Asker: 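Here it is: the structure, laid out below.
In this text, all values refer to a predicted model and were calculated from it rather than measured experimentally. Remember, it's 1-based here, ligands and their atoms both numbered in the order they're listed.
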Amino acid sequence: MDLLLKETSKIIKQSNFTIAFTGAGISVESGIPPFRGGHGLWNKYDPQVLDLSYFLNNAEHCWTYIREIFYDFFADAKPNDAHRVLAKMESNNLLNAVVTQNIDNLHYEAGSKTVYEFHGNSKKLKCLKCGKVYDAKDIDFANIPPKCNNDGEILKPDFIFFGEGIPHDAYADSFASAEKAEVCIIVGSTGEVTPASYVPRTAKQAGATIIEINPEETIFTSAITDIHLKGKAAEILNQLDELLF
Ligand code: NAD
């Protein structure tokens, strides 16, 4: 592992354009479980509550669970060392962008500036009628479903539900950065969610070296990964931090 880490830090230092592609795994050490796997959220909750057409017809029912998952449990989650090392790499010109599938805002909270949120962000809510955007911290979740103060329409968390498209700018920026990447660091993603998983695949096709940080093997590992750093995100990125700076 020491040799692999040294090799990785050398590759990152030599790269002219590096991106990170992050999934639920990077936030596990912040206390947010992933969706899939033994302790995954979908073992406890019905994914239907995040299905757009079901939500539109059953907003109050869905909001009971949405509040519990995203605004009770995860409200106090803080960035961990993995988020912090990526932010430090960016501020030292060793990382150009983070493409994240996560909706937890933790990359921004850690200090990252160029973050493409492929699936949106749970810290904002949007009116389904007029499009007005609200900060989650200004919402009184005692009364659900929360409603727009312009038109009384139901608010929806501003992350994408099953059945919704990817936000246009995040999609375009993510793929543009993948095309330019000389190195792509995948952190904590199964690679099972499309079209997000096409981002590192695009980087690979464009010639990037793919570094993967994950305690498990994933769909990416045998297909596109050049170096698999097997371990937890914060642990591995802390070790890289020591070699990079
Ligand atoms: P996933 O839930 O499918 O898989 C998580 C991956 O993280 C697995 O490969 C697992 O081995 C790995 N992992 C677990 N602990 C880890 C650790 N400590 N360090 C590094 N890796 C670790 O995640 P996904 O591929 O990102 O896709 C799920 C979808 O769920 C995404 O679209 C995302 O939007 C959403 N999601 C987001 C959050 C969040 O915002 N924090 C949480 C759960 C799910």
Asker: Judged by modelled atom types alone, do S30 and N80 share a side-chain donor-acceptor pair under 3.5 Å?
Answerer: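 Yes, side-chain donor-acceptor contact under 3.5 Å.
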Asker: Have a look at L237 and tell me which of D81, L244, I213 forms a side-chain contact (heavy atoms from CB on, under 4.5 Å) with it.
Answerer: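 Running side-chain contact (heavy atoms from CB on, under 4.5 Å) over D81, L244, I213 with L237 returns exactly one hit, I213.
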Asker: Within the 4.0 Å heavy-atom shell around E216, which atoms of ligand 1 are there?
Answerer: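 Answer for ligand 1: 11 (O).
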Asker: Can you tell me which residue and heavy atom of the protein come closest to atom 18 (N) of ligand 1, and the distance to 0.1 Å?
Answerer: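 It is E29 OE1, 3.1 Å.
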Asker: Ignoring hydrogens and angles, tell me if any N or O in the side chain of K147 forms a donor-acceptor pair with the backbone of I154 under 3.5 Å.
Answerer: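 Looks like no, no N/O pair under 3.5 Å.
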Asker: Which atom names give the shortest non-hydrogen contact between P167 and F118, and what distance separates them?
Answerer: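 Where P167 meets F118 most closely, the heavy atoms are CD-O, 3.3 Å.
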Asker: Contact between E192 and ligand 1, counting heavy atoms under 4.0 Å?
Answerer: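 The answer is no: ligand 1 sits nowhere under 4.0 Å from a heavy atom of E192.
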Asker: Need the ligand 1 atom indices (1-based, order shown) with element for anything under 4.0 Å from a heavy-atom of I32.
Answerer: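 Listed by number with element, the hits are 41 (N), 42 (C).
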Asker: Does this structure show an ion pair linking K124 with D135, if we count only N-O contacts that are shorter than 4.0 Å?
Answerer: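 So K124 pairs with D135 through a salt bridge.
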Asker: Under a 4.5 Å cut-off applied to non-hydrogen side-chain atoms, are S177 and F17 in contact?
Answerer: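 A side-chain contact exists here, since the closest heavy-atom pair is under 4.5 Å.
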Asker: Quick one: is the NZ or CZ of K88 closer than 6.0 Å to the six-membered ring centre of F245, and within 45° of its axis?
Answerer: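 Yes, K88 sits over the ring of F245.
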Asker: Are the side chain of W63 and the backbone of N143 linked by a donor-acceptor contact shorter than 3.5 Å?
Answerer: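 Such a contact is absent between W63 side chain and N143 backbone.
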Asker: Considering heavy atoms of the protein only, find what lies nearest to atom 27 (O) of ligand 1 and give residue, atom and distance to 0.1 Å.
Answerer: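 Among all protein heavy atoms, the one nearest atom 27 (O) of ligand 1 is V193 CG2, 3.6 Å.
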Asker: Considering non-hydrogen atoms only, spot the tightest contact between T218 and S189 and give its length.
Answerer: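 Closest pair (atom of T218, atom of S189, distance): CG2-O, 3.4 Å.
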Asker: Show which atoms of ligand 1 fall inside a sub-4.0 Å distance from at least one heavy-atom site of S27.
Answerer: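 Result: 41 (N).
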Asker: Does S197 have a non-hydrogen atom less than 4.0 Å from ligand 1?
Answerer: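 Distance cut 4.0 Å: S197 fails for ligand 1.
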Asker: Counting heavy atoms only, name the option from G188, S30, S122, A233 that's nearest to atom 6 (C) of ligand 1.
Answerer: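 Among G188, S30, S122, A233, the closest heavy atom to atom 6 (C) of ligand 1 belongs to G188.
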Asker: Out of A24, P34, A234, who gets a non-hydrogen atom closest to atom 26 (O) of ligand 1?
Answerer: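 The nearest heavy atom belongs to A24.
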Asker: Please state which protein non-hydrogen atom is closest to atom 30 (O) of ligand 1 and give its distance, to 0.1 Å?
Answerer: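 Answer, as residue, atom name and distance: F35 CD1, 2.8 Å.
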Asker: Considering heavy atoms of the protein only, find what lies nearest to atom 28 (C) of ligand 1 and give residue, atom and distance to 0.1 Å.
Answerer: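 In this structure, atom 28 (C) of ligand 1 has R36 NH1, 3.3 Å as its nearest protein heavy atom.
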Asker: In ligand 1, which numbered atoms sit nearer than 4.0 Å to a non-hydrogen atom of G23?
Answerer: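 Going through ligand 1 atom by atom, the ones under 4.0 Å from G23 are 26 (O).
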Asker: Just to be sure I'm reading this right: ignoring hydrogens, which of I219, I213, T190, V187 gets closest to atom 1 (P) of ligand 1? Compare them by their nearest heavy atoms.
Answerer: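 Among I219, I213, T190, V187, the closest heavy atom to atom 1 (P) of ligand 1 comes from T190.
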Asker: Among I160, D104, I69, whose heavy atom sits nearest atom 39 (C) of ligand 1?
Answerer: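 Going through I160, D104, I69 one by one, D104 has the nearest heavy atom to atom 39 (C) of ligand 1.
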Asker: Are a donor atom and an acceptor atom from the side chains of T22 and Q101 found within less than 3.5 Å of each other?
Answerer: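 The answer is no; no qualifying pair exists.
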Asker: Is the contact between I103 and ligand 1 made by the side chain, the backbone, both, or neither, using heavy atoms and a 4.0 Å cut-off?
Answerer: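 Near ligand 1, I103 shows its backbone as well as its side chain.
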Asker: Compare every heavy atom of Y54 with every heavy atom of C62, then report the nearest pair and how far apart it is.
Answerer: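 Smallest heavy-atom distance, with atoms named: SG-CD2, 3.5 Å.
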Asker: Per the side chain to side chain donor-acceptor pair (under 3.5 Å) rule, what does the pair list look like for residues 158-168, sequence neighbours excluded?
Answerer: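 Found K156-E164.
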Asker: Among all protein heavy atoms in this structure, tell me which lies nearest to atom 37 (C) of ligand 1, with the distance rounded to 0.1 Å.
Answerer: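 Ranked first by proximity to atom 37 (C) of ligand 1 is N102 OD1, 3.6 Å.
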Asker: Which pair of heavy atoms, one from I160 and one from G165, lies closest together, and at what distance?
Answerer: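 Taking I160 first and G165 second, the nearest heavy atoms are CG2-O, 3.3 Å.
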Asker: Record the part of A196 in heavy-atom contact with ligand 1 below 4.0 Å; permitted values are side chain, backbone, both and neither.
Answerer: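 Contact part for A196 vs ligand 1: neither.
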Asker: Got the closest protein heavy atom to atom 33 (C) of ligand 1, with its distance?
Answerer: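 Looking only at protein heavy atoms, the one closest to atom 33 (C) of ligand 1 is Q101 O, 3.1 Å.
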Asker: Is N214 close to ligand 1, meaning an N/O of one under 3.5 Å from an N/O of the other?
Answerer: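 Yes; at least one N/O pair falls below 3.5 Å.
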Asker: Atom 16 (C) of ligand 1: which protein heavy atom is closest, and how many Å away?
Answerer: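 Answer, as residue, atom name and distance: G25 O, 3.5 Å.
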Asker: Is it the side chain, the backbone, both or neither of K232 that has a heavy atom closer than 4.0 Å to ligand 1?
Answerer: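 Both backbone and side chain.
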Asker: Nearest protein heavy-atom contact for atom 15 (N) of ligand 1: which residue, which atom, what distance?
Answerer: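 The answer is V28 CG2, 3.7 Å.
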Asker: P33 heavy atoms, cut-off 4.0 Å: which ligand 1 atoms fall inside?
Answerer: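 It comes down to these atoms of ligand 1: 42 (C), 43 (C).
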